[in-house]
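Below is one structure; the comments refer to it alone.
FYI, the numbering just counts along the sequence from 1. Every number for a ligand or one of its atoms is a count from 1 in the order of the listing.
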Amino acid sequence: MSTSIRPGLPAHLEARNLAALIDISAVQAFHREEDVRELARIAAEHGFIAAHVLPHFVPLLRSLLPRGGATMIGGPVGFPSGGHTTRTKAAEAVGLVVDGAEEVDMMINVGRLKSGDLAYVEADIRAVVEAIAPVPLKVILELAHLTDEEIRAGAKIVAGSGAAFVKTGTGWTPSATTPENIRLIVDTVGDAVEVKASGGIRSLETIADMVRLGVTRFGINTKVAVDLVRQCAALPGGRLEIAGVAA
Ligand SMILES: O=C[C@H](O)COP(=O)(O)O
């Protein structure tokens, strides 16, 4: 890692601060109603910034987590392939907002990005941005499918699209997002959009490295997120050191 330390970094994160950076999720095909109820209970207990479920469970989650509480609710669009038509993605996004979602995470069209059809990719994203404005949109690149050049191209499009975040993964691929991936994305987007790291994030060390690099939001499944918050609370002084260590 470089020796640079970003300005404005927190000196450290305590458990509640860490939870305030994490979208916890139950977004796998096998997640059941009881998993959504557990997600809502855990979100309220630990103060996670957001809780995400698949679209059909958003109404249930909305009924469990009142609007205006510490935890926002969110759902995915065009998930997990990104290959849905733009018309379908825009309609799905509007439906999520109508059902109570306060954030939407859409999948980029991976096939069009890999085909070099960047105009399509941008129009696809802009249509969803406009369909749900002012609700913030995150755009998932799904790094496991992309070369470094495609990651740069996708991140650049997201940065200019009106989306609020570029997001790294769905959690549906075996590979994990790494600090090296984050450095590539941050070097591409600068401060134009926020960065949400998600997909296979499993340690406090990785989280600390990514915060140092500029990540302001994480997506982590419920079980792992709770475990990481508890690990943070068990550290000396209940603190995960951030700014004192170079990225
Ligand atoms: O945001 C995407 C998923 O929540 C990441 O899930 P995961 O922690 O199981 O990889």
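In K223, neither the side chain nor the backbone holds a heavy atom less than 4.0 Å from any atom of ligand 1.
Here R152 does not pair with D187 in a salt bridge; the nearest charged N to carboxylate O distance is not below 4.0 Å. Between R230 and D227, no side-chain nitrogen of the basic residue sits less than 4.0 Å from a carboxylate oxygen of the acidic one, so the salt-bridge criterion is not met. A salt bridge is defined here as a Lys NZ or Arg NE, NH1 or NH2 lying under 4.0 Å from an Asp or Glu carboxylate O, and E34 with R32 meets this definition.
Within the 4.0 Å heavy-atom shell around ligand 1 one finds G169. For K167, the closest heavy-atom approach to ligand 1 falls below 4.0 Å. Between V224 and ligand 1 there is no heavy-atom distance shorter than 4.0 Å. No heavy atom of I201 sits closer than 4.0 Å to any atom of ligand 1.
Counting atoms of ligand 1 from 1 in the listed order, those under 4.0 Å from a heavy atom of S25 are 3 (C), 4 (O). Close contacts of ligand 1 with G171, meaning ligand atoms under 4.0 Å from a residue heavy atom, involve 5 (C), 6 (O), 10 (O). In the vicinity of G200, heavy-atom distances shorter than 4.0 Å reach the ligand 1 atoms 10 (O). Within ligand 1, counting atoms from 1 as listed, the ones closer than 4.0 Å to a heavy atom of R202 are 7 (P), 8 (O), 9 (O), 10 (O). Within ligand 1, the atoms closer than 4.0 Å to a non-hydrogen atom of G199 are 5 (C), 10 (O), numbered from 1 in the order shown.
The shortest contact between atom 9 (O) of ligand 1 and any protein heavy atom is with N221 ND2, 2.8 Å. When only non-hydrogen protein atoms are considered, atom 3 (C) of ligand 1 lies nearest to T170 O, 3.4 Å.
More than 12 heavy atoms of other residues, nucleotides or ligands sit less than 6.0 Å from atom CZ of R67.
Residues R37 and L60 have side chains in contact (heavy-atom distance under 4.5 Å, counting atoms from C-beta outward).
Between I220 atom CD1 and I22 atom CD1 the span is 4.0 Å, to the nearest 0.5 Å.
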